[in-house]
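Excluded from the calculations below are hydrogen atoms, water molecules and symmetry mates; all remaining heavy atoms, backbone and side chain alike, are included. For reference, positions follow the sequence shown, starting with 1.
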Amino acid sequence: MIIFGLQVVYFTLSKGVFHCPDCGGDREYRRRQGRNFFSLFFIPLIPLNKTGSEFVQCGTCKGRWHVDILTVPTTAQLASLPALLLRLASAQALRSGDVTHPAARDRAVTVVRQAGDHAYDQGVLDHDLGRPFDQIRAEMAHAAGALAPEARENILRAAAEIALTDGPLSVSEEETLNAVGADLGLTRVQVTGVISLARQSSGR
């Protein structure tokens, strides 16, 4: 007796770490895709067409999720977000003023390191200053939504204080800080208030 038919075989396309809603924490995942095979005696022999959509499978609970789940930040990514956003905001603030001012540069490096990026230094700062303005804006806007409004306000205030290090804000610096605030998802009122507080604390 010959037994033949179709059999679905699942292949792993990629692996990584994601935040599993069922487990409630970061877990390893496999991104998978099914494919029909012609089988003989239940042995898949000839690959045919793909079947179904790609999905993400948790390595712990085996739950399956749509691939959009990978856009949710992991716990580790959330922990690194403040330093990343401070790094981007600091570069924006510096490039609109005097990028060579030693105290402003030192302050930028210090605040990013205090936020957790201990490898940040003047060389990395120069790299960030060389990145396209619009590229940094897009990255900030994408990452900012995962943080609370208070955290985003603190990031804008740090950027404003960096810009104020070399003197009162220029028109260019103020415009840049407004753009940074918008990219962080803050309202015009919030941005104005944060910049005002930064001015008061710096005496400028």
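- Residues forming a side chain to side chain contact (heavy atoms under 4.5 Å, CB included) with A159 (at least two apart in sequence, or on another chain): A89, A93, L177.
- Residues F55 and Y10 place their aromatic rings such that the two centres sit under 6.0 Å apart.
- Residues L197 and Q200 meet the side-chain proximity criterion, which asks for heavy atoms closer than 4.5 Å.
- No option in D126, D166, T100 other than D126 meets the side chain to side chain donor-acceptor pair (under 3.5 Å) test with R105.
- One N or O on the side chain of E173 and one on the backbone of S170 form a donor-acceptor pair closer than 3.5 Å.
- Counting only residues at least two apart or on different chains, the salt bridge (Lys or Arg N to Asp or Glu O under 4.0 Å) pairs with a member in residues 111-123 are R87-D117.
- In plain terms, the two heavy atoms of T74 and Q77 that are nearest each other are N-OE1, 2.8 Å.
- Grouping Ile, Leu, Val, Met, Phe, Trp and Tyr residues whose side-chain heavy atoms lie under 4.5 Å apart, directly or via other members, leaves V171 alone, with no other cluster members.
- By the ring pair (Phe, Tyr, Trp, His ring centres under 6.0 Å) test, Y120 pairs with no residue at all, sequence neighbours left out.
- Here the closest heavy-atom approach between residue S53 and residue Q33 is recorded as C-OE1, 4.1 Å.
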Take E161 and S201, measure what side chain to side chain donor-acceptor pair (under 3.5 Å) needs, and give me the verdict at the end.
CA-CA 8 Å; E161 290 173 349; S201 67; 3.2 Å; yes
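- Salt bridge E153/R157: absent, no basic N to carboxylate O contact under 4.0 Å.
- For F133, there are no ring pair (Phe, Tyr, Trp, His ring centres under 6.0 Å) partners two or more places apart in sequence or in a different chain.
- Contact annotation: the side chain of I195 never approaches that of Q190 to less than 4.5 Å [non-hydrogen atoms, C-beta and beyond].
- Applying the salt bridge (charged side-chain N to carboxylate O under 4.0 Å, His left out) test to E139 and every residue at least two apart in sequence or in another chain returns R131.
- Taking every heavy atom of both residues into account, V111 and L86 meet most closely at O-CD1, 3.8 Å.
- In this structure, E28 and T60 have side chains that are not in contact, with every pair of non-hydrogen atoms separated by 4.5 Å or more.
- Residues meeting the side chain to side chain contact (heavy atoms under 4.5 Å, CB included) test with A151, sequence neighbours left out: L147.
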Identify each donor-acceptor pair in which a side-chain atom of residues 11-21 lies under 3.5 Å from a protein atom, sequence neighbours left out, and give them as a table.
none

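- Contacts classified as salt bridge (Lys or Arg N to Asp or Glu O under 4.0 Å) and involving residues 177-186 (residues at least two apart or in different chains) are given here: R137-D183.
- Residues satisfying the side chain to side chain contact (heavy atoms under 4.5 Å, CB included) criterion with T165, sequence neighbours excluded, are H101, A103, A104, R107.
- The shortest side-chain heavy-atom distance between W65 and D22 falls under the 4.5 Å cut-off.
- For residues 51-69, the set of pairs meeting the salt bridge (Lys or Arg N to Asp or Glu O under 4.0 Å) definition, not counting sequence neighbours, comprises R31-E54.
- Between R30 and V56, the closest side-chain pair of non-hydrogen atoms is not below 4.5 Å.
- Taking the side chain to side chain contact (heavy atoms under 4.5 Å, CB included) definition, one finds that T51 meets it with V8, N36, sequence neighbours left out.
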